[in-house]
Protein chains: 2
Amino acid sequence: MIRIILAEDQRMLRGALGSLLDLEDDIEVIGQADNGEEALKLIHELKPDVCLMDIEMPLLTGLDIAEQLQMAKSSCKVIILTTFARPGYFERAVKAEVHGYLLKDGSSDDLAQSIRNVMAGKREMAPELIFGAFKEKNPLSERECEILRLASSGKTSNEIAASLFLSHGTVRNYLSEIMGKLEVKSRIEAIKLAEDKGWL
Amino acid sequence: MIRIILAEDQRMLRGALGSLLDLEDDIEVIGQADNGEEALKLIHELKPDVCLMDIEMPLLTGLDIAEQLQMAKSSCKVIILTTFARPGYFERAVKAEVHGYLLKDGSSDDLAQSIRNVMAGKREMAPELIFGAFKEKNPLSERECEILRLASSGKTSNEIAASLFLSHGTVRNYLSEIMGKLEVKSRIEAIKLAEDKGWL
DNA sequence: TTCAAAACATGACACTTGTCACCTGCAAGT
DNA sequence: ACTTGCAGGTGACAAGTGTCATGTTTTGAA
């Protein structure tokens, strides 16, 4: 019997998947969470074989959890189930050595089989990702990301400078550099593009 | 037997709900669509008792379809199933006299019963909406929305002015007005907030 | 009819943004 | 030892942005 927990903040999908997976003879849903912290707690308490997680959840993202489990050398296998085929997310998931990365755009019929494959030691990656994976990787450095993140929250150059203890000229240089790399003309476009690609 | 069709562009959710509903003795899923035009075609061809639709779908939104069915005085009952509790969407759905407006954040267990209630002539509205419906309505006028939309795409004041045949001073006045109404200090924050609330 | 709101406009002012050229210091690689 | 690249910096300039006061015109509701 494969014991799994589900972490997904959209109740309708979580409930539906939970019911469906429970119908399988060899799969048992032993816990469900609608946020990251709850999910992590359940994993520690219940020691499931597999956890099926969304990425964007309240409190803690699925990727955060995957990284923590990797560091703790947990035996719980991780399958990410998300809407987003963002290269940034996928890259991070691969680094965290997740056992599966599936898209919500995929078929629900294949889900149970994917879980079985993962239990058998295979890795299940949505085909869309393997091909398009590193075609577009994040051209921004750590620092540049940090600055763009702050800009995206609506901060002005001066405020960004203050919170990073930089001069405002430096901040503007970074933003200029970022816009150059992203081939856009304003910080607003840069923010849109970076958020879109999941680089933020 | 209640004959229904499902229209939802996220395959995983549509598949899962389809399988679940088909397990009910008195419900039969006779068609599924992943875009609005396909859904409308199916409704005309198969004459289902109920159609369960998302709002944001390719080609045609669920609200567009609901309005068309209302005009055509179709006997097919419409249930909207969406992520968004946006007052704007809900208002439009009510005007289109939909029979149900449920949230993807609701329980999947209640779905079948909601469908039965709708067939029995009741209306099923997510409680979150009835109460919070008009608490926070869009403070921006049509024109202001239009300008903020253009700003959100990264256009400068001058570019917005050009595309609307206004002077750039007028555009800046609007943006200033918008930021005042939204109580923020920059257009970036205004964009974030408006997108967040679904006013865009 | 009258009044208020929305839409549109101008000009002026201070500040922010984006660009550029040019500078230092430091930590890899080769 | 030397180059390269990242991080950080300066100063100057043009353009864009946000604010204000002050108008006109149109339009819909009381």
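Letters A, B, ... mirror the listed sequences (proteins, then strands); counts begin at 1. This one's a predicted model, so the numbers in the text were calculated from it and none came from an experiment.
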Task: Residues in contact with DNA chain D, drawn from residues 161-170 of chain A - heavy-atom cutoff 4.0 Å - done: Leu166(A), Ser167(A), Gly169(A), Thr170(A)

- [ ] Over all heavy atoms of both residues, which pair between Cys51(A) and Ile43(A) is shortest? Give the atoms and the distance, please.
- [x] SG-CD1, 3.8 Å

TODO: Could you tell me which non-hydrogen atom of Ile147(B) sits nearest to which non-hydrogen atom of Ile160(B), and how far apart they are?
DONE: O-CD1, 4.0 Å

Task: Inter- and intrachain pairs under side-chain hydrogen bond (donor to acceptor under 3.5 Å, both in side chains), touching residues 33-47 of chain A, at least two apart - done: none

Open item on the list: If the threshold is 4.0 Å, N to carboxylate O, is there a salt bridge linking Asp54(B) and Lys104(B)?
Closed with: yes

Open item on the list: Assess whether a salt bridge exists between Glu124(B) and Lys77(B), defined as any Lys/Arg side-chain N lying under 4.0 Å from an Asp/Glu carboxylate O.
Closed with: no

Task: Reading 5' to 3' through nucleotides 22-30 of chain D, protein heavy-atom contacts under 4.0 Å coded B for base, S for sugar-phosphate only, - for none - done: ---------

TODO: Heavy atoms only: give me the nearest Ala16(A)-Leu20(B) pair and the separation to one decimal.
DONE: CA-CD1, 3.5 Å

Open item on the list: Within the 3.5 Å criterion, strictly below it, is a donor on Asn117(B) or Gln113(B) matched to an acceptor on the partner's side chain?
Closed with: yes

Open item on the list: Is it true that Ser157(A) and Arg187(A) share a donor-acceptor pair across their side chains at a distance under 3.5 Å?
Closed with: yes

Task: Members of residues 175-190 of chain B that approach DNA chain D, where some heavy atom sits under 4.0 Å away - done: Ser176(B), Met179(B), Ser186(B), Arg187(B)

- [ ] Pick out which of Ile65(B), Leu52(B), Val98(B) makes a side-chain contact (heavy atoms from CB on, under 4.5 Å) with Val78(B).
- [x] Val98(B)

TODO: Would you kindly say whether Glu146(A) and Tyr174(A) are connected by a side-chain donor-acceptor distance under 3.5 Å?
DONE: no

Task: Minimum heavy-atom distance Glu159(A)-Gly154(A), with the two atoms named - done: OE1-O, 4.3 Å

- [ ] Determine, for Glu177(B) against Arg143(B), whether the closest basic-nitrogen to carboxylate-oxygen distance falls under 4.0 angstrom.
- [x] no

Task: Between CG on residue Leu13(B) and CG on residue Asp105(A), distance to nearest 0.5 Å - done: 11.0 Å

Task: Sub-4.0 Å heavy-atom contacts from residues 150-157 of chain B onto DNA chain D, ordered by number - done: Thr156(B), Ser157(B)

Task: Span of DNA chain C, from the first to the last nucleotide whose atoms fall under 4.0 Å of chain A heavy atoms - done: dT16(C) to dC20(C)

TODO: Inspect the contact between Glu67(A) and Arg92(A) and indicate whether a charged nitrogen and a carboxylate oxygen are less than 4.0 angstrom apart.
DONE: yes

TODO: Give one of base, sugar-phosphate or nothing for Arg172(B), where a contact means two heavy atoms less than 4.0 Å apart.
DONE: base

Open item on the list: Can you see whether Asp64(A) engages Thr61(A) through a side-chain donor-acceptor pair at a distance of less than 3.5 angstrom?
Closed with: yes

- [ ] Check the distance between dG16(D)'s C1' and Glu159(B)'s CD and give it to me in whole angstrom.
- [x] 11 Å

